[in-house]
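Handing you this structure, nothing more for now.
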Amino acid sequence: MARSATRRFLASAGLPDRDLGELPDSAKRFPDGAHYRVEIPSTEGPRALAAVLDEAERRGVPVVRVSQGSGVFMHTDEELDEMARLGANAGVEVSLFARPNAGWDTSAMARAPVGPLVAPVARGTEQLVAVLEDVRRAAAHGIRSVLIQDVGVLSMFSAMRAAGEVPADMQAKVSVMLPVGNPASARVIADLGANTINLPTDLTLAQIAAIRAAIDVPLDIYVECPDNLGGFVRFHEIADIVRVAAPVYLKFGLRGTTDPYPAGSHLEATLVALSRERVRRARLGLDLLEREASGLYETSLPGAARLAVPAEAVLSIRS
């Protein structure tokens with residue numbers, strides 16, 4: 001009886017009272033009417049971005065967003081300008097991580113067995129300031145999308161956006177490292193101002209469907225993820241993911257790789273090769289989607305509505 005009462009309470013709060021095992025179709029869409037969009041993660045720097053754009057054109061993969069994990073502060077001004085220019089010219093969103101975090105700091109707990117619990121957070125006020133400075137610097141170079149992995153950072157980002165401290169069209173892409181594993185958590189994060197939410201990589205279709213029922217913002221879902229996020233290859237579920245999760249960013253990571261963060265020129269050849277292979281994986285996934293769904297689902301193309309495509313730099317950091 002107590003469990004039934006709790007289910008009724010969840011329903012009264014406007015949340016699903018169970019995971020949706022019947023896998024209902026999502027009627028929600030991107031502003032251009034698309035069901036899904038293609039994202040290539042771990043695009044570390046200008047050379048990797050150029051490789052993604054080249055490979056996407058060669059293979060006919062409609063990449064509309066790339067994301068990066070090393071952090072804004074791990075790029076020079078010239079590199080940020082080049083990434084913004086490449087993204088703007090291609091009509092592709094460039095989302096850069098706002099860092100640092102406890103896992104890169106002197107935190108002993110972050111290196112303990114329970115470390116993954118605290119590694120993503122902004123540790124102390126000084127790291128909070130540093131992360132928000134990364135946001136400001138990204139905006140100054142024309143970047144209009146940042147990855148966020150801390151609840152407090154997300155709340156302050158939203159406050160800065162509302163106050164005009166960063167551009168009103170700047171978007172918060174919530175990282176997979178800020179775990180959103182149920183509909184209630186998803187609604188909290190959406191209410192805090194998230195523009196898209198990257199779900200944990202191991203959620204079932206029924207769990208994803210319940211989260212989709214609770215919120216309208218796009219979901220980011222790894223169709224293939226690197227080993228440190230589980231190493232899952234979910235190509236066989238791609239049609240159902242699109243069907244129940246729309247609007248959804250399909251993220252094509254890469255199993256069989258090590259964590260490259262923070263990336264740099266010493267890894268450039270490997271980073272470029274990995275970027276090209278991620279686009280190839282996307283081609284494989286989209287081919288399977290076509291075989292399974294026969295054109296039923298629509299995708300967005302570069303320059304689509306509400307993509308956080310880079311803008312012209314609003315000020316010179318070097319002046």
Side-chain angles (χ1 to χ4, degrees), residues 39-46 48-49 65-77 79-84 87 92-105 107 110 116 118-180 189-190 192-198 217-218 220 229 249 251 259-264 307-311 313-315 317:
E39 175 182 341
I40 303 298
S42 300
T43 302
E44 304 301 309
L49 175 52
R65 179 203 263 173
V66 299
S67 52
Q68 172 256 28
S70 294
V72 179
F73 80 107
M74 294 301 296
H75 285 303
T76 66
D77 291 337
E79 288 167 345
L80 292 174
D81 288 342
E82 187 172 359
M83 293 186 79
V92 170
E93 178 176 327
V94 177
S95 190
L96 305 183
F97 226 112
R99 287 198 186 263
N101 56 5
W104 289 15
D105 200 357
S107 169
V118 298
V121 305
R123 182 168 177 259
T125 305
E126 296 309 314
Q127 270 204 353
L128 175 62
V129 170
V131 174
L132 295 174
E133 284 295 311
D134 243 20
V135 173
R136 286 184 185 275
R137 184 164 176 249
H141 285 276
I143 299 299
R144 290 295 178 265
S145 178
V146 286
L147 276 94
I148 291 174
Q149 62 179 353
D150 179 279
V151 173
V153 170
L154 177 61
S155 68
M156 289 298 97
F157 169 86
S158 296
M160 290 170 67
R161 184 170 56 187
E165 294 285 322
V166 296
D169 62 348
M170 199 161 190
Q171 295 191 16
K173 171 176 158 54
V174 168
S175 167
V176 71
M177 301 306 293
L178 200 172
V180 177
I189 296 302
L192 282 175
N195 295 99
T196 72
I197 299 174
N198 199 146
V217 302
D220 308 343
L229 292 177
Y249 283 91
K251 297 186 62 169
D259 188 338
Y261 311 130
L307 276 175
V309 175
V314 295
L315 58 88
I317 296 292

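Just so you know, residue 1 is the first one in the sequence shown, and it goes up from there.
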Next on the checklist: I'd like to check L80 versus V72 (side-chain heavy atoms, cut-off strictly below 4.5 Å). Are they in contact?
Outcome noted: yes
Next on the checklist: Any heavy-atom pair between the side chains of Q149 and F97 that's under 4.5 Å?
Outcome noted: yes
Checklist entry - Can you tell if the side chain of L132 reaches within under 4.5 Å of the side chain of V153, non-hydrogen atoms only? => result yes
Next on the checklist: Looking at R144, is its backbone amide N or carbonyl O close enough to the side chain of Q171 to form a donor-acceptor pair, meaning the two atoms are under 3.5 Å apart?
Outcome noted: no
Checklist entry - Below 4.5 Å, heavy atoms only, C-beta onward: do H75 and Q68 meet side chain to side chain? => result yes
Item to check | Validation row: V94, V66 side chains within 4.5 angstrom (heavy atoms) | outcome: yes
Next on the checklist: Does any part of the side chain of M177, heavy atoms only, come nearer than 4.5 Å to the side chain of L229, both counted from C-beta?
Outcome noted: yes
Checklist entry - Looking only at heavy atoms, which two atoms of A172 and L154 are closest? And how far apart? => result CB-CD1, 3.8 Å
Checklist entry - What pairs of residues pass the side chain to side chain donor-acceptor pair (under 3.5 Å) test when at least one of them lies in residues 124-133, not counting sequence neighbours? => result D105-Q127
Checklist entry - With a 4.5 Å limit on heavy-atom distance, are the side chains of D134 and V146 in contact? => result no
Item to check | Sequence neighbours excluded - side chain to side chain donor-acceptor pair (under 3.5 Å) pairs with any residue from residues 155-165 | outcome: R136-E165, R161-N195
Checklist entry - With distance as the sole test, does S175 use its side chain to make a donor-acceptor pair with the main-chain N or O of L147 at under 3.5 Å? => result no
Checklist entry - Where do V131 and D150 land on the side-chain contact (heavy atoms from CB on, under 4.5 Å) test, with the steps shown first? => result CA-CA 10 Å; V131 174; D150 179 279; over 6 Å; no
Checklist entry - Is a side-chain donor or acceptor of E44 paired with a backbone partner of G69 at a separation under 3.5 angstrom? => result yes
Next on the checklist: Tell me the closest heavy-atom pair linking A110 and G103, and the distance in Å.
Outcome noted: CB-CA, 4.0 Å
Item to check | Nearest non-hydrogen partners of P310 and I143, listed with the distance | outcome: CG-CD1, 4.5 Å
Next on the checklist: Testing the 3.5 Å rule here: is there a donor-acceptor pair between the side chains of S95 and S67?
Outcome noted: no
Checklist outcome for this item: So NZ of K173 and OH of Y249: to nearest 0.5 Å the spacing works out to 8.5 Å
Checklist entry - Are V135 and M156 close enough that some pair of their side-chain heavy atoms sits under 4.5 Å apart? => result no
Checklist entry - By salt bridge (charged side-chain N to carboxylate O under 4.0 Å, His left out), which residues pair with R65, not counting sequence neighbours? => result E39, E93, D220
